[in-house]
Amino acid sequence: MHRSAILLAACLAVAACATSPLDTSGVGSRVTPGQALEDMPALQGTRVQWGGEIVSISNHEASTIIEVLSYPLARDGLPNSYQKPTGRFVLRRGAFLEPQDYAPGRMLTVVGTIRGVTRRSVGDAELVVPLVSAEQLQLWDDQYGSRSGPRFGFGVGISVGF
């Protein structure tokens, strides 16, 4: 095998490790929920990938509603809770989602379409937040979204000399 083929295979393997587990084809610009509110008429119908910490969940007869405190996403789609939140959003999924699995405090990422806005109460305040129709959900293991303790990992490097 030629060195260039080995290098290409290594690059593809590393790139595959850093991609989102969700199908993000057709996802528009990297607009945040806060930015979406500022330009809602123009962004309604836009496909987005957003994520963050679950604030609340409620199941209804034909859908589940989840309120999320949004954070910027890493390359693999994992919300980065060490950065400043980018707003709140609500996602609607046309199916029952288990509240024990989608519990407040868990991290998730969604790919879906902005459908407009909805109103939410936070304490005595009433907020207007974007509403996303969820096509795909990625619920992250507790270890990924934890705010307690350091988050670090180990990797394997590849070196090719010419």
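Computed from a predicted structure; not experimentally measured. Side-chain atoms are counted along with the backbone in the values below, which use heavy atoms only and exclude waters and symmetry mates.
Arg30 CZ to Thr86 OG1: the interatomic distance, rounded to the nearest 0.5 Å, is 11.5 Å. Atom CG of Leu91 is separated from atom CZ of Arg115 by 13.0 Å, given to the nearest 0.5 angstrom. Rounding to the nearest 0.5 Å places CZ of Phe89 at 10.5 Å from CG of Leu131. The distance from the CZ atom of Arg119 to the CG atom of Leu127 is 10.0 Å, given to the nearest 0.5 Å. Here CD of Glu98 is found 8.0 Å from CD1 of Ile57. Values are rounded to the nearest 0.5 Å. Remark: Ser56 OG to Arg120 CZ distance equals 4.5 Å, nearest 0.5 Å.
Side chains of Trp50 and Thr109: no donor on one and acceptor on the other come within 3.5 Å. Neither side chain, Thr113 nor Ser133, offers a donor N or O lying under 3.5 Å from an acceptor on the other.
At distances below 3.5 Å, at least one donor-acceptor pair connects side-chain atoms of Asn59 with backbone N or O atoms of Leu97. Here the side chain of Glu53 pairs no donor or acceptor atom with the backbone of Leu69 at under 3.5 angstrom. A donor-acceptor contact shorter than 3.5 Å links the side chain of Thr32 to the backbone of Gln35.
With respect to the salt-bridge test (charged N to carboxylate O, under 4.0 angstrom), the residues Arg47 and Glu135 qualify.
Side-chain contact check for Leu137 versus Leu22: every heavy-atom pair is 4.5 Å or farther apart. Counting heavy atoms from C-beta outward, Arg88 and Pro33 have side chains that stay 4.5 Å or more apart. Annotation: side chain of Leu73 is not in contact with side chain of Leu78 (no heavy-atom distance under 4.5 Å). Side chains of Val90 and Val132 form no contact here, defined as non-hydrogen atoms less than 4.5 Å apart. For the pair Thr24/Val111, a side-chain contact is recorded, criterion being any heavy-atom separation below 4.5 Å from C-beta on.
Contact record, Pro85 with Tyr71: CG-CE2, 3.6 Å, taken as the closest heavy-atom pair. Ala103 and Ile54 get closest at one heavy-atom pair: O-CB, 3.7 Å. Pairing each heavy atom of Pro72 with each of Lys84, the nearest pair is CD-O, 3.5 Å. Of all the heavy atoms in Val68 and Val55, the pair that sits closest is C-CG2, 4.2 Å. Heavy-atom minimum distance, Thr64 versus Ala95: OG1-O, 2.7 Å. Across Leu139 and Asp101, no two heavy atoms sit closer than the pair CD2-O, 3.2 Å.
There is a path of hydrophobic side-chain contacts, each under 4.5 Å, that joins Ile66 to Val128. One hydrophobic cluster, built from ILVMFWY side chains closer than 4.5 Å, cannot hold both Ile65 and Ile114; they sit in different ones. Put simply, Val129 and Tyr102 are part of two different groups of oily side chains (I, L, V, M, F, W, Y) that touch within less than 4.5 Å, one to the next. With hydrophobic clusters built from ILVMFWY side chains whose heavy atoms lie under 4.5 angstrom apart, Val27 does not share a cluster with Met40.
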Asp23 and Gln136: CA distance, side-chain angles, deciding distance, side chain to side chain contact (heavy atoms under 4.5 Å, CB included) verdict: CA-CA 8 Å; Asp23 177 11; Gln136 303 172 63; 3.6 Å; yes
Using the side chain to side chain contact (heavy atoms under 4.5 Å, CB included) rule, take Arg93 and Ser63 through it: C-alpha gap first, then chi angles, then the decisive distance, then the call. CA-CA 5 Å; Arg93 179 76 176 209; Ser63 65; over 6 Å; no
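Heavy atoms of other residues, nucleotides or ligands lying less than 6.0 angstrom from CD of Glu126 number more than 12.
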